[in-house]
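Notes for the one structure printed next.
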Amino acid sequence: MQTYLNENNLVDLISDKHAKLRKKVIEAWVQNGEEKITDTESYMIAIIHKESTTVAQIAKKIGMSRQGAHKCAKVLMERGYIEIEEHQDNSRDKFLCLTNKGRYFMDETLHIKRNIEEIIKSIGREKFDMMKEIFSSSWFK
């Protein structure tokens, strides 16, 4: 088991880089004078940004319990990032959508992500562009 953990397998390498990048984005967000936000909160906001969705659907996408997703959504509502959107054709499900504050978070963190140029400095433009192309392609059917 220990040998496996010491190997540089693709899944763990990607996971490690992803965690470090997410941390850099959140640190930059906080350094800009904004309030601390967790990875889960950030992920939930990003999912809602793509389309209004229910807490249950978010829980399934993130791979967390519905109770945990409800708790996270409640915190985000209290802090003003998301709100419940009423749908005329579906009164049973409560859909979540971003507030202006949530959209501001998405816009600013996107700007931060675009400005993380240390990657280009470290690996070079050609490798950076190739990496983006690889991650943009469809790996699974």
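Positions are given from 1, in the same order as the sequence printed here.
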Please name all residues satisfying side-chain hydrogen bond (donor to acceptor under 3.5 Å, both in side chains) with [X], sequence neighbours left out, ordered by chain then number.
| X | value |
| --- | --- |
| Thr53 | Gln57 |
| Glu34 | Tyr104 |
| Glu35 | Tyr81, Lys101 |

By salt bridge (charged side-chain N to carboxylate O under 4.0 Å, His left out), which residues pair with [X], not counting sequence neighbours?
| X | answer |
| --- | --- |
| Arg66 | none |
| Lys121 | none |
| Asp39 | none |
| Arg114 | none |

Extract all donor-acceptor atom pairs below 3.5 Å that involve side chains of residues 40-49 and protein atoms in other chains or at least two apart in sequence.
residue	atom	partner	partner atom	Å
Glu41	OE1	Thr38	N	2.9
Glu41	OE1	Thr38	OG1	3.4
Glu41	OE1	Arg79	NH1	3.0
Glu41	OE2	Arg79	NH1	3.2
Ser42	OG	Arg22	NH2	2.4

Go through Lys20 and Asp16 one step at a time and tell me if the salt bridge (Lys or Arg N to Asp or Glu O under 4.0 Å) criterion holds.
-> CA-CA 6 Å; Lys20 287 177 181 173; Asp16 181 55; 3.2 Å; yes
Residues that [X] engages under side chain to side chain contact (heavy atoms under 4.5 Å, CB included), provided they are two or more places apart:
| X | result |
| --- | --- |
| Glu83 | Cys97, Thr99 |
| Lys36 | Ile26, Val30 |
| Lys24 | Ile116, Glu118 |

Rounded to the nearest 0.5 Å, how far apart are [atom1] of [X] and [atom2] of [Y]?
| X | Y | atom1 | atom2 | value |
| --- | --- | --- | --- | --- |
| Glu85 | Thr54 | CD | OG1 | 12.0 Å |
| Lys127 | Asp129 | NZ | CG | 13.0 Å |
| Arg125 | Ile120 | CZ | CD1 | 4.0 Å |
| His18 | Lys23 | NE2 | NZ | 14.5 Å |
| Ile14 | Lys17 | CD1 | NZ | 11.5 Å |

Start with the C-alpha gap between Met77 and Ile84, add the side-chain angles, then the distance that decides, and say whether side chain to side chain contact (heavy atoms under 4.5 Å, CB included) holds.
-> CA-CA 8 Å; Met77 280 188 250; Ile84 295 174; 3.9 Å; yes
Can you get from [X] to [Y] by hopping between Ile, Leu, Val, Met, Phe, Trp and Tyr side chains that sit under 4.5 Å apart?
| X | Y | answer |
| --- | --- | --- |
| Ile134 | Ile123 | yes |
| Leu110 | Trp29 | no |
| Ile62 | Val75 | no |
| Met131 | Val11 | no |

Shortest non-hydrogen contact from Met106 to Leu98?
-> CG-CD1, 3.9 Å
Kindly give the heavy-atom pair with the smallest separation between Ala73 and Ile82, and that separation in Å.
-> O-CD1, 3.6 Å
The complete set of ring pair (Phe, Tyr, Trp, His ring centres under 6.0 Å) pairs with one or both residues in residues 110-141, sequence neighbours excluded, reads Phe135-Trp139
Which is it for Asn32 and Ile112 under the side chain to side chain contact (heavy atoms under 4.5 Å, CB included) test, yes or no, and what are the steps along the way?
-> CA-CA 10 Å; Asn32 287 344; Ile112 291 168; 3.8 Å; yes
Residues, nucleotides or ligands: over 12 heavy atoms within 6.0 Å of Glu78 CD = yes
